[in-house]
J.: 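What follows is a structure written as structure tokens; I'll ask about it next.
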Amino acid sequence: MLEITDVRAGYGAINVLWDVSLSVPQGRLTTIVGPNGAGKTTLLRAIMGLIPLSQGSITFEGKPLAGTSTWDLLGQGIAMIPEGRMVFKDMTIEENLMLGAYPKSRRAGARANCDKAYALFPRLKERRNQVAGTLSGGEAQMLAMGRGMMSDPRLLIIDEPSLGLAPVIVNELFEVLAQLKEEGRTIVLVEQNTHKAVGVADQAHLMQGGKIQLSQAAADVKIEALHELYFAR
């Protein structure tokens, strides 16, 4: 579904990604793990058109994404849940959710998708009229994930959902990810928690120094060997 081929990208004169290639099959959960500074978030920004490619190509369902505005990707079926939640703090939970269905092509199903978000995260339904700025970190992450689902995306990209959260909340979020995977969603998950990420994934990629160092079926990944590469031992 998503094909990344020989991609180089970065920020100005600083190149971060070096000949990155990977495939994201439809209906599978693909995880990208790696330490801070490995280039994971930069890769997601390149997919979303937030930074230009200096080399290579990215295609979605056979069509090149180059030149597509970030704000047009949602209408094409790609949604990203960013690192750090980024909820609108002065708006209610439900108002935040409805913003996820902003494209005209996605508005007709907004109410039904909002109900689905509430089914995934009952805590949000209980507090739907509460201002988002009063939520805990875990609740804000639930809101960010629910908002990402509002456009019923064909490709869902999630950046570091467990960052800074208590273990019990992390477990809840990964249970939701497993449920979405069972529904046949196509998901790209960037995550530092290797045990959780590999445990829920179909395919795993390790990034280190802006390069893909390991690509393997998640079921075949040996965590100890992964950590040897992860920490560049």
J.: Please name all residues satisfying side-chain hydrogen bond (donor to acceptor under 3.5 Å, both in side chains) with Thr134, sequence neighbours left out, ordered by chain then number.
T.: Gln130
J.: For Asp220, I'd like to know if atom CG has over 12 heavy atoms of other residues, nucleotides or ligands within 6.0 Å.
T.: yes
J.: Mark yes or no for whether Gln208, through its side chain, and Leu229, through its backbone, hold a donor-acceptor pair below 3.5 Å.
T.: yes
J.: Please test Tyr118 against Arg123 for side chain to side chain donor-acceptor pair (under 3.5 Å), starting from the C-alpha separation and ending with a verdict.
T.: CA-CA 8 Å; Tyr118 287 148; Arg123 217 173 306 180; over 6 Å; no
J.: Working to the nearest 0.5 angstrom, can you tell me the gap between Leu173 CG and Phe121 CZ?
T.: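 Answer rounded to 0.5 Å: 6.0 Å.
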J.: Crowded around Glu95 CD? As in, over 12 foreign heavy atoms under 6.0 Å?
T.: yes
J.: Any idea which heavy atoms bring Ala197 and Phe174 closest together, and the distance?
T.: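 Distance-wise, the nearest heavy atoms are N-CE2, 3.9 Å.
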J.: Closest heavy-atom contact between Ser54 and Ala9?
T.: OG-N, 4.0 Å
J.: Without swapping roles, check the side chain of Gln203 against the backbone of Gln216 for a donor-acceptor pair under 3.5 Å.
T.: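 Yes, Gln203 side chain to Gln216 backbone: donor-acceptor pair under 3.5 Å.
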J.: Once salt bridge (charged side-chain N to carboxylate O under 4.0 Å, His left out) is applied, do any residues pair with Asp6, and if so which ones, sequence neighbours excluded?
T.: none
J.: Hey, could you give me each pair passing ring-ring contact (aromatic ring centres under 6.0 Å, His included) that has a residue in residues 46-83? Not counting sequence neighbours.
T.: none
J.: Output the distance between atom CG (Leu206) and atom CG (Leu214), rounded to the nearest 0.5 Å.
T.: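 Answer rounded to 0.5 Å: 6.0 Å.
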J.: Run the salt bridge (charged side-chain N to carboxylate O under 4.0 Å, His left out) test against Arg127 and tell me which residues pass, sequence neighbours left out.
T.: Glu139
J.: As a quick check of understanding, evaluate side chain to side chain contact (heavy atoms under 4.5 Å, CB included) for Met91 and Leu99, giving each step before the final call.
T.: CA-CA 10 Å; Met91 301 174 70; Leu99 280 177; 3.7 Å; yes
J.: Output yes when Asp19 and Lys211 qualify as a salt bridge under the 4.0 Å nitrogen-oxygen rule, no when they do not.
T.: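 No, no charged N to carboxylate O under 4.0 Å.
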J.: For a quick test of reading the model, state the closest non-hydrogen atom pair linking Met98 to Ala110 and the distance between them.
T.: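 Here Met98 and Ala110 meet closest at SD-CB, 3.9 Å.
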J.: Is there a donor-acceptor pair under 3.5 Å between the side chain of Thr5 and the backbone N or O of Ser21?
T.: no
J.: Quick one, Thr42 with Tyr11, criterion side chain to side chain donor-acceptor pair (under 3.5 Å). Give me CA distance, side-chain angles, the key distance, then yes/no.
T.: CA-CA 9 Å; Thr42 299; Tyr11 307 94; 2.8 Å; yes
J.: Search all heavy atoms of Leu65 against all heavy atoms of Ile47 and return the closest pair with its distance.
T.: CD1-O, 3.7 Å
J.: Check step by step if side chain to side chain contact (heavy atoms under 4.5 Å, CB included) holds for Val188 and Leu44.
T.: CA-CA 9 Å; Val188 174; Leu44 299 190; 4.2 Å; yes
J.: For the pair Ile157 and Ile81, evaluate side chain to side chain contact (heavy atoms under 4.5 Å, CB included) and give the outcome as yes or no after the intermediate values.
T.: CA-CA 6 Å; Ile157 298 172; Ile81 299 168; over 6 Å; no
J.: When clusters are formed by joining ILVMFWY residues with side-chain heavy atoms under 4.5 Å apart, either directly or through shared neighbours, do Met207 and Met80 land in the same one?
T.: yes
J.: Taking Glu160 for its side chain and Gln192 for its backbone only, find out whether a donor-acceptor pair lies under 3.5 Å.
T.: yes
J.: For the hydrophobic clusters of this structure (ILVMFWY residues joined by side-chain heavy atoms under 4.5 Å, transitively), does one cluster hold both Val170 and Leu163?
T.: no
J.: Run the side-chain contact (heavy atoms from CB on, under 4.5 Å) test against Lys116 and tell me which residues pass, sequence neighbours left out.
T.: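 If we apply the side-chain contact (heavy atoms from CB on, under 4.5 Å) test to Lys116, skipping adjacent residues, the hits are Asn113.
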J.: Step by step, would you call Lys222 with Glu224 a side chain to side chain contact (heavy atoms under 4.5 Å, CB included)?
T.: CA-CA 6 Å; Lys222 301 291 189 291; Glu224 288 186 7; 5.7 Å; no
J.: Who pairs with Glu3 by side-chain hydrogen bond (donor to acceptor under 3.5 Å, both in side chains), at least two apart in sequence or on another chain?
T.: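 side-chain hydrogen bond (donor to acceptor under 3.5 Å, both in side chains) list for Glu3, sorted by chain: Ser23.
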J.: Kindly write out the residues that satisfy side-chain hydrogen bond (donor to acceptor under 3.5 Å, both in side chains) with Arg128, not counting sequence neighbours, or none if the list is empty.
T.: none
J.: Under the salt bridge (charged side-chain N to carboxylate O under 4.0 Å, His left out) test, which residues partner Asp72, sequence neighbours left out?
T.: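 Expected list: none.
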J.: Considering all heavy atoms of both residues, which atom of Ala46 and which atom of Leu17 are nearest to each other, and what is their separation?
T.: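 Looks like CB-CD1, 4.4 Å.
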J.: Between side-chain atoms of residues 140-148 and protein atoms elsewhere (two or more places apart, or another chain), which donor-acceptor pairs fall under 3.5 Å?
T.:
residue	atom	partner	partner atom	Å
Gln141	OE1	Arg85	NH1	3.3
Arg147	NH1	Met86	O	3.2
Arg147	NH2	Arg85	O	3.2
Arg147	NH2	Met86	O	3.2

J.: Can you check side chain to side chain donor-acceptor pair (under 3.5 Å) on Thr194 and His227, steps first, answer last?
T.: CA-CA 8 Å; Thr194 54; His227 286 171; 2.7 Å; yes
J.: Measuring from atom CD of Glu61 to atom CE of Met1, what distance do you get when rounded to the nearest 0.5 angstrom?
T.: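 Between Glu61 CD and Met1 CE, I get 4.5 Å after rounding to 0.5 Å.
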J.: Are Leu2 and Met149 grouped together when hydrophobic residues (ILVMFWY) are joined by side-chain heavy atoms under 4.5 angstrom apart?
T.: no
J.: Judged by atom type as modelled, is there a donor-acceptor pair below 3.5 Å linking the side chain of Thr31 to the main-chain atoms of Leu189?
T.: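 Flag set: sc Thr31 to bb Leu189 pair under 3.5 Å.
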J.: How long is the gap from OG on Ser69 to CG on Leu74, to the nearest 0.5 Å?
T.: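 Rounded to the nearest 0.5 Å, the OG-CG separation comes to 13.0 Å.
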J.: Roughly how far, to the nearest 0.5 Å, is CD1 of Ile4 from CG of Leu53?
T.: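 Leu53 CG to Ile4 CD1: 9.5 Å, rounded to 0.5 Å.
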J.: Within a 6.0 Å radius of atom CZ on Arg8, are there more than 12 heavy atoms belonging to other residues, nucleotides or ligands?
T.: yes
J.: Quick one: ring-ring contact (aromatic ring centres under 6.0 Å, His included) pairs with a partner in residues 130-166, sequence neighbours left out?
T.: none
J.: Indicate, with yes or no, if Val20 and Tyr230 share a hydrophobic cluster defined by side-chain heavy-atom contacts under 4.5 Å among Ile, Leu, Val, Met, Phe, Trp and Tyr.
T.: no
J.: Who passes side-chain hydrogen bond (donor to acceptor under 3.5 Å, both in side chains) against Asp159, sequence neighbours left out?
T.: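 Partners of Asp159 under the side-chain hydrogen bond (donor to acceptor under 3.5 Å, both in side chains) test: Thr41.
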J.: Counting only N and O atoms by type, is there a donor-acceptor contact under 3.5 Å from the side chain of Asn96 to the main-chain atoms of Val87?
T.: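 Answer holds: no.
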J.: Salt bridge (charged side-chain N to carboxylate O under 4.0 Å, His left out), that's the test. Do Lys40 and Glu191 meet it? Break it down for me.
T.: CA-CA 9 Å; Lys40 305 184 303 296; Glu191 179 58 59; over 6 Å; no
J.: Is there a path of hydrophobic side-chain contacts, each under 4.5 Å between heavy atoms of I, L, V, M, F, W or Y residues, that connects Ile158 with Met48?
T.: no
J.: Are any side-chain N or O atoms of Lys181 and backbone N or O atoms of Val200, one a donor and one an acceptor, separated by less than 3.5 Å?
T.: yes
J.: Salt bridge (charged side-chain N to carboxylate O under 4.0 Å, His left out) with Arg111: which residues, sequence neighbours excluded?
T.: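 Arg111 satisfies salt bridge (charged side-chain N to carboxylate O under 4.0 Å, His left out) with Glu94, Asp115 only.
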J.: How close do Ile169 and Gly138 get, heavy atom to heavy atom, and via which atoms?
T.: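 Ile169 and Gly138 have their closest heavy atoms at CG2-CA, 3.7 Å.
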J.: Would you say the side-chain atoms of Asn36 pair up with the backbone N or O of Ala38, donor to acceptor, closer than 3.5 Å?
T.: no
